[in-house]
Amino acid sequence: QATGLNTTPDRETGLEQDLASLAATVAELKANASATNGTFAETFYYLTIPLMVLIHVGFLAYEMGASRSKNALASGIKNILAFAMIVPFFYFVGWWIYWAFPTGLSLSEGAMGISGLAYANDVALPWNQYMGPNLDDRSSGVFWGAFVLFAATTASILSGGVIERIKLTGFVVLAIVLGGGLWILAAAWGWHADGWLVTKFGYHDFGAAGVVHMIAGFFTLGVLINLGPRIGKFNADGSANHIAGHSMPMTLIGLMLIIAGFWGFLMGCVIVPGETWSWGSAIEATIYGTPMTLSGMTFNTLMGFAGGIIGAWMVTRDPFWMMSGALGGIISCAAGLDLWYPPMAFVIGFIGACAMPFVASFIEKRGIDDAVGAFAVHGFLGLWGVLSVGIAAQGYPALAGENVITTSFTGQLVGAAVMGLMGFVPGYLVSLLLKVTGQLRVPAEAEILGLDAVKVPASAYPEGLHPSVSPAE
């Protein structure tokens with residue numbers, strides 16, 4: 001009997017040991033799962049960066065190909081230099097702007113508690129613990145890197161429209177203003193869960209049709225007005241001449257590389273689940289916290305891409321506009337890539353690409369020389385993309401949570417107006433200042449001779465370019 005009584009404590013002790021062992025195993029599994037998810041999240045955003053570098057490889061080839069051979073290297077140099085200049089500026093200033101100004105210029109904290117002066121100082125000042133190697137922080141560097149590439153992409157949109165006559169110093173100033181300051185302020189307002197355009201008007205712009213493409217396109221338009229056309233572009237009667245680039249194949253390959261890199265751009269618009277900074281643990285989300293999936297985005301991106309190519313081909317039959325249409329189709333769908341039914345994405349991309357060449361022609365008839373149609377592709381189609389959400393995707397939650405503001409045509413219209421003005425007005429004013437101070441445009445003699453001969457200590461084609469000869473000749 002005594003022996004039987006002694007077995008009960010032994011059993012309880014064994015049970016306690018088993019439970020403790022089980023708890024330790026569960027804790028270890030949770031820690032391993034957390035580490036695995038953390039590594040996945042860090043790698044996910046890390047991979048957006050080399051993918052987005054492909055955008056700049058594409059812009060490099062695209063703009064050099066669209067330039068005449070006498071300007072090919074000069075066009076490439078300004079693109080490379082702008083990218084490099086934006087990186088440190090974004091480190092010291094741009095990232096802080098994004099977190100400081102979502103609620104407007106008051107620097108106050110928003111409802112989500114992830115904005116305002118105090119928050120920006122905590123996470124984005126250059127000497128902060130999060131702005132360098134930190135074993136306890138696996139997200140800040142890759143997020144910052146993705147946003148740097150967004151900034152550089154915005155500046156590269158300007159780069160194409162102004163080729164063959166802009167001064168390098170003037171261009172770098174404009175690129176830093178646009179890529180290091182303006183676009184990120186627009187992103188704070190309309191691409192942030194505390195952004196006042198989102199919280200007050202329900203503005204929705206998942207793929208940055210407004211905060212990147214509209215800002216850059218309208219900024220470029222303002223610059224082009226002051227920069228003026230290339231010599232020989234317009235005749236005395238106002239009619240326009242076509243100034244062909246020296247390599248259409250290089251231009252087409254560049255455009256396709258931009259599209260390849262665009263997948264990294266769109267990856268950077270997604271918030272992965274399961275981290276302390278994530279919107280949830282079960283499913284991906286937009287930057288606003290609303291649910292979405294990579295699968296749905298894939299359907300719509302490819303359908304917009306296809307609709308853009310087909311629309312541009314039906315209108316022009318021109319390979320340049322076909323490839324521009326591929327990019328334009330995605331931009332047309334970008335604001336609602338998380339929302340569209342795929343055939344709708346195709347239609348939106350198709351309509352945008354059909355309109356794009358006519359917008360470029362309209363701009364040209366106004367005496368504005370947009371060398372690669374940057375305003376038509378990015379400015380106009382960014383506008384179309386923002387408004388299309390208001391037309392065809394009204395009533396969706398604009399933020400995470402219950403009883404939140406929803407998307408509407410009014411909200412998208414207000415957002416589009418803000419983006420257009422934020423791009424055009426500074427672009428016009430800064431370029432006007434550069435023009436007045438003689439820092440905007442190269443001298444006519446240099447333009448006629450070619451910028452490579454005047455500004456570049458190397459030759460793009462040292463053995464010369466030889467015209468093609470048909471077999472009959």
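In this chain, numbering begins with 1 at the start of the sequence shown.
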Exercise. Just wondering, more than 12 heavy atoms not from Lys233 lying within 6.0 Å of its NZ?
Worked result: yes
Seminar exercise, completed: Those residues at least two apart in sequence (or on a different chain) that pass side chain to side chain contact (heavy atoms under 4.5 Å, CB included) with Pro126 are Tyr91, Phe92
Problem set entry | Validation row: Met422, Leu185 side chains within 4.5 angstrom (heavy atoms) | yes
Exercise. Any side-chain donor-acceptor pair under 3.5 Å between Ser67 and Glu164?
Worked result: no
For this session: Could you verify whether a donor N or O on one side chain and an acceptor N or O on the other, from Asn71 and Ser75, lie under 3.5 Å apart?
Result: no
Problem set entry | Backbone of Tyr428 reached by a side-chain donor or acceptor of Ser431 within 3.5 Å | yes
Exercise. Looking only at atom types and distance, does a side-chain atom of Thr437 sit under 3.5 Å from a main-chain N or O of Leu434, one as donor and one as acceptor?
Worked result: yes
Exercise. With Ser159, which residues qualify under side chain to side chain contact (heavy atoms under 4.5 Å, CB included), at least two apart?
Worked result: Glu63, Lys78, Asn79, Phe171
For this session: Just grab all the ring-ring contact (aromatic ring centres under 6.0 Å, His included) pairs involving residues 344-386, residues at least two apart or on different chains.
Result: His213-His378, Phe218-Phe375
For this session: Give the C-alpha distance, both sets of side-chain angles, the deciding distance and a yes or no for ring pair (Phe, Tyr, Trp, His ring centres under 6.0 Å) between Tyr98 and Trp183.
Result: CA-CA 9 Å; Tyr98 181 68; Trp183 99 267; 7.6 Å; no
Exercise. Asn121 side chain to Val123 main-chain N or O, any donor-acceptor pair under 3.5 Å?
Worked result: no
Problem set entry | Residue pair Trp196 / Val418, side-chain heavy-atom distance below 4.5 Å | yes
Exercise. Does OH belonging to Tyr130 count more than 12 external heavy atoms closer than 6.0 Å?
Worked result: no
Problem set entry | For Trp99, all residues meeting ring-ring contact (aromatic ring centres under 6.0 Å, His included), sequence neighbours excluded | Trp95, Tyr119, His192
Exercise. Should we say atom CE of Met344 is surrounded by more than 12 heavy atoms from elsewhere, each under 6.0 Å from it?
Worked result: no
For this session: Could I get the full list of side chain to side chain contact (heavy atoms under 4.5 Å, CB included) partners for Ile49, not counting sequence neighbours?
Result: Leu149
Problem set entry | Any donor-acceptor pair under 3.5 Å from Arg317 side chain to Met314 backbone | yes
Problem set entry | Trp144 atom CH2, over 12 foreign heavy atoms within 6.0 Å | yes
Exercise. Applying salt bridge (charged side-chain N to carboxylate O under 4.0 Å, His left out), which residue pairs with at least one partner in residues 416-442 are found, sequence neighbours left out?
Worked result: Arg441-Glu447
Problem set entry | Working for ring pair (Phe, Tyr, Trp, His ring centres under 6.0 Å), residues Trp191 and Phe150 | CA-CA 12 Å; Trp191 210 43; Phe150 290 139; 5.2 Å; yes
Exercise. Would you find a donor on one side and an acceptor on the other, under 3.5 Å apart, between the side chain of Thr48 and the backbone of Phe44?
Worked result: no
Exercise. Between Lys70 and Asp452, is a salt bridge (charged side-chain N to carboxylate O under 4.0 Å, His left out) present by the stated rule, with each step listed?
Worked result: CA-CA 6 Å; Lys70 65 180 182 179; Asp452 285 8; over 6 Å; no
